[in-house]
Amino acid sequence: MALRLFNTLSAKVEEFRPLVGNEVRMYACGPTVYDYGHIGNFRTFIAVDILRRYLQLGGYKVKHVMNITDVDDKIIRNAAAAGLTVQQYTAKYQKAFFEDAGALRIEQPQIVRATENIARMAEFIAKLVEMGYAYKTDDGSYYFRIAKFPAYGKLSKKDFAGMEDGARVDVDEYEKDNARDFALWKAPKPGEASWDSVIGPGRPGWHIECSVMSMQELGESFDLHAGGEDLIFPHHENEIAQSESLTGKPFAHFWFHARFLLVEGEKMSKSAGNFFTLRDLVLKGYKPSTIRYLLTSVPYRNQLNFTFDGLQQAAASVDRLRNFRQRLAGKFADGSSLTMTTLGQQTSKRLRDALDDDLNTAQGQAAIFDMIRAVNTAMDAGNVKSGDVAALLAPLEQFDRIFSVLQDDDVAQMQRIYEWAKAEGREKDISAELEEILRSSALTDAQIDAKVEQMVAARKARDFATSDKIRAELVAQGILIEQTKEGVLWRRK
RNA sequence: GGCGCGGUACCCAAGUGGUAAGGGAGAGGUCUGCAAAACCUUUAUGCGUCGGUUCGAUUCCGACCCGCGCCUCCA
């Protein structure tokens, strides 16, 4: 495996190699659980998931850690407004996040939570104070002194040299030495959630969380740190400053950032009316697999324009993939052909080459679709033999270990979100499209198989009226019927 | 203002110093009792605009236009 990845730190595409042996230690910034996850969040998490899956496919053992930010200003404010504790407030959104990530087939990383590591954060800050990298202000808050860390700006390529002396910074209204200094620890305000610690009462700043938890789980230097592009500055820059100041060692070696997406050509925002959570889309009748496919169809460093038209197209693409796999599971004449085996091998190689190239998912998809067209043509001509199936299935399964859209558990996931919507009093958001898809789960596989058999029998007897009637019933139940050379196939809408 | 990314067919979107992947949609056709699926053909002398370098540029350089991101915790 020769994966080449863009490293934000070097601003170049570099060959990725773990620091030690065959294990990749990676840390990803996770969600702040104050609301349901939106598709922008999930673009980033899916990009990281693709990376993780590809590393695993390449034979690496991946230790993938992700934090849950379960305390921050917004959470404290919202919880207080709702009359709940911080933990009560965040529990609901944490649960929702894991469900949604699961629906999108994101492999779950090892989870660490801010609120479970507060003592360690306080100790970390105490050490920074001892070393002169941090200082306490009169109100009991702590700040990092960026003037002590000359490399500050190396990730985001910002030049703070002129600010080191603080000459042009108005510091009068702050207690900070320099306006750029960032909070490590915030002193409690009256009525706010607060934790006692070796450095006094308060709560951790956002940046310190990730430094402490990543190094706790992965060591002082580890392989890769990921997040959305907005985190480059200040979050990741600050993590580097804190961590490298404390240890004197390089922190993460690779920095992986996913580009933001646009929705219908605009920045996603609540005010623009183009803000969608995963659940919003499912209620409109879009399948999780469709959403995942769309989010993987543009390489992670390119801006992705998320549109409803794009969702329709993605759905068609996923259907094509699933139809193909289903067709490959059919019966073929004995024998095998060099052409098909070679095609399978070439496709695997194209797939690997595409993903090796900074995870070019679009090219990977093109490789698999090229194969699908060629194999469909061969099947139509009767040129695919039973001995070819394994060789053709191999690249398809390799593809799916990365993209993960073939296995159809969409209806179960949608059913769960449907129940949730009813429980939350959001019946009015449940679309007719969603209800139609859910109807397709009313019949069991055995019941459908039986109906299909009746239909085939009627057709053999040239009783087309009966055959069409059965087919119409199945279609009304959301079951799609296909006649192929290899027999009658069905699938749920 | 500073730093950075991008503008490719009807839509989404790869890509390359040597003549434009893939998916979707549309049109025509094959197969089929009819559907559906699948397959075939077809849709950019053209890759934001204008210059430049080059035997040759969509690909490199420059200017301009447009979109987007970051520059006080938004993935």
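Lettering of chains follows the sequences in order, A, B, ..., and the numbering in each one begins at 1. FYI, side chains are in, hydrogens and waters are out, and symmetry mates aren't considered; it's all heavy atoms of this structure.
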### Protein-nucleotide distance (A:D230, atom CG; B:rC71, atom P), rounded to Å
8 Å

### Query
Do the rings of A:F399 and A:F403 sit parallel, tilted or perpendicular, given the 30° and 60° boundaries?
parallel

### Query
Once the angle between the rings of A:F97 and A:F42 is folded into 0 to 90°, is it parallel (under 30°), tilted (30 to 60°) or perpendicular (over 60°)?
parallel

### Query
With a distance cut-off below 6.0 Å to the six-membered ring centre and an angular limit of 45° from the axis, does A:K148 pair with A:Y133 as a cation-pi contact?
yes

### Task
Could you check A:K267 against A:K157 and say which one's nearest nucleotide on RNA chain B is further toward the 5' end?
A:K157

### Message
Taking any heavy-atom pair under 4.0 Å as a contact, classify A:I481: base, sugar-phosphate, or nothing.
### Response
base

### Message
What's the gap between B:rC10 and B:rU43 when it is taken at their C1' atoms, as a whole Å value?
### Response
9 Å

### Message
Any side-chain N or O of A:N305 below 4.0 angstrom from OP1/OP2 of B:rA13?
### Response
no

#### Entry: Donor-acceptor pair under 3.5 Å, A:N302 side chain vs B:rG6 base
no

### Message
Please classify the nucleic acid contact of A:H207 as base, sugar-phosphate, or nothing, using heavy-atom distances under 4.0 Å.
### Response
nothing

### Summary
note: A:L304, atom CG; B:rC11, atom P; distance rounded to Å ~ 17 Å

### Task
Using the six-membered ring for Trp and the full ring for Phe, Tyr or His, decide whether A:F42 stacks on the six-membered base ring of B:rA75 (centres under 5.5 Å, planes under 30°).
no

### Task
Rounded to whole angstrom, note down the C1' distance from B:rG28 over to B:rG67.
38 Å

### Message
Please give the stem ranges for RNA chain B, sorted by first residue number, where a stem is three or more consecutive Watson-Crick or G-U pairs and both donor-acceptor distances are under 3.5 Å.
### Response
B:1-7 with B:65-71, B:10-12 with B:22-24, B:25-30 with B:38-43, B:48-52 with B:60-64

### Query
Is A:T307 near enough to B:rC11 that one of its side-chain N or O atoms lies under 4.0 angstrom from OP1 or OP2?
no

### Message
Assess, by modelled atom type and distance only, whether the side chains of A:Q313 and A:D309 contain a donor and an acceptor separated by less than 3.5 Å.
### Response
yes

### Query
Checking A:K267 against A:F260: charged group under 6.0 Å from the ring centre and within 45 degrees of the axis?
no

### Message
side chain to side chain contact (heavy atoms under 4.5 Å, CB included), that's the test. Do A:L262 and A:M268 meet it? Break it down for me.
### Response
CA-CA 6 Å; A:L262 260 40; A:M268 182 168 70; over 6 Å; no

### Task
Grab the CZ-C1' distance between A:F6 and B:rG6 for me, whole Å please.
14 Å

### Task
Could you check A:L396 against A:L406 for side chain to side chain contact (heavy atoms under 4.5 Å, CB included), going step by step and ending with a plain yes or no?
CA-CA 9 Å; A:L396 190 65; A:L406 287 180; 3.9 Å; yes

### Task
Would you indicate what A:F233 reaches in the nucleic acid, counting non-hydrogen atoms under 4.0 angstrom: base, sugar-phosphate, or nothing?
sugar-phosphate

### Query
Base, sugar-phosphate, or nothing: which does A:P299 touch, judged by heavy atoms less than 4.0 Å apart?
sugar-phosphate

### Inter-nucleotide P distance (B:rC47, B:rA21), Å rounded
15 Å

#### Entry: Distance-only polar pair, side chains of A:S386 and A:D388, donor-acceptor under 3.5 Å
no

### Summary
Here the distance between atom P of B:rA75 and atom CG of A:L104, to the nearest Å, is 16 Å

### Query
Any donor-acceptor pair under 3.5 Å between the side chain of A:R180 and the base of B:rC71?
no

### Message
So, does A:N376 get its side chain near the phosphate of B:rC39, meaning an N or O under 4.0 Å from OP1 or OP2?
### Response
yes

### Message
Categorize A:L231 for me: base, sugar-phosphate, or nothing, with a 4.0 angstrom heavy-atom threshold over every strand shown.
### Response
sugar-phosphate

### Interatomic distance, A:L489 CG vs B:rA37 P [rounded to whole Å]
13 Å

### Message
Regarding A:G227, tell me which of base, sugar-phosphate or nothing describes its non-hydrogen contacts under 4.0 Å with the strands shown.
### Response
sugar-phosphate

### Query
Does a donor on one side chain and an acceptor on the other come within less than 3.5 Å for A:Q477 and A:R492?
no

### Task
Return the orientation label for the A:H257 and A:W255 ring planes: parallel under 30°, perpendicular over 60°, tilted otherwise.
parallel

### Message
Suppose you measure atom C1' in B:rC55 against the same atom in B:rC40; what distance do you get, rounded to whole Å?
### Response
39 Å

### Query
What is the distance, rounded to the nearest whole Å, between atom CE of A:M268 and atom C1' of B:rC68?
14 Å

### Task
Please state the C1' separation for the pair B:rU58 and B:rU19 - nearest whole angstrom.
10 Å

### Euclidean distance for P, B:rG1 against B:rC64 (whole angstrom)
11 Å

### Query
For the side chain of A:K186 and the base of B:rC73, is some donor closer than 3.5 Å to an acceptor across the two?
yes

### Task
Just call it for A:R471: base, sugar-phosphate, or nothing, with non-hydrogen atoms closer than 4.0 Å on any strand.
base

### Query
Taking 4.0 angstrom as the limit, do A:E237 and A:K158 come out as a salt bridge?
no

### Task
Rounded to whole angstrom, note down the P distance from B:rU8 over to B:rA27.
25 Å

### Query
Nearest-Å distance, NZ (A:K158) to P (B:rG69)?
15 Å

### Task
Specify the separation, in whole Å, of atom CZ of A:R43 and atom P of B:rC74.
20 Å

### Message
Less than 4.0 angstrom between a side-chain N/O of A:K460 and OP1 or OP2 of B:rG33, yes or no?
### Response
no

### Query
Nucleotide by nucleotide, 5' to 3', does protein get under 4.0 Å of the base (B), only the sugar-phosphate (S), or neither (-) in nucleotides 19-25 of chain B, counting heavy atoms?
--BSBS-

### Task
Hey, can you tell me if A:F144 and A:F182 have their rings parallel, tilted or perpendicular (30° and 60° cut-offs)?
parallel

### Message
Classify A:E229 by what it touches in the nucleic acid, base, sugar-phosphate, or nothing, heavy-atom distance under 4.0 Å.
### Response
sugar-phosphate

### Task
Just call it for A:D319: base, sugar-phosphate, or nothing, with non-hydrogen atoms closer than 4.0 Å on any strand.
nothing

### Query
How is A:S467 classified with respect to the nucleic acid when contacts are heavy atoms under 4.0 Å: base, sugar-phosphate, or nothing?
base

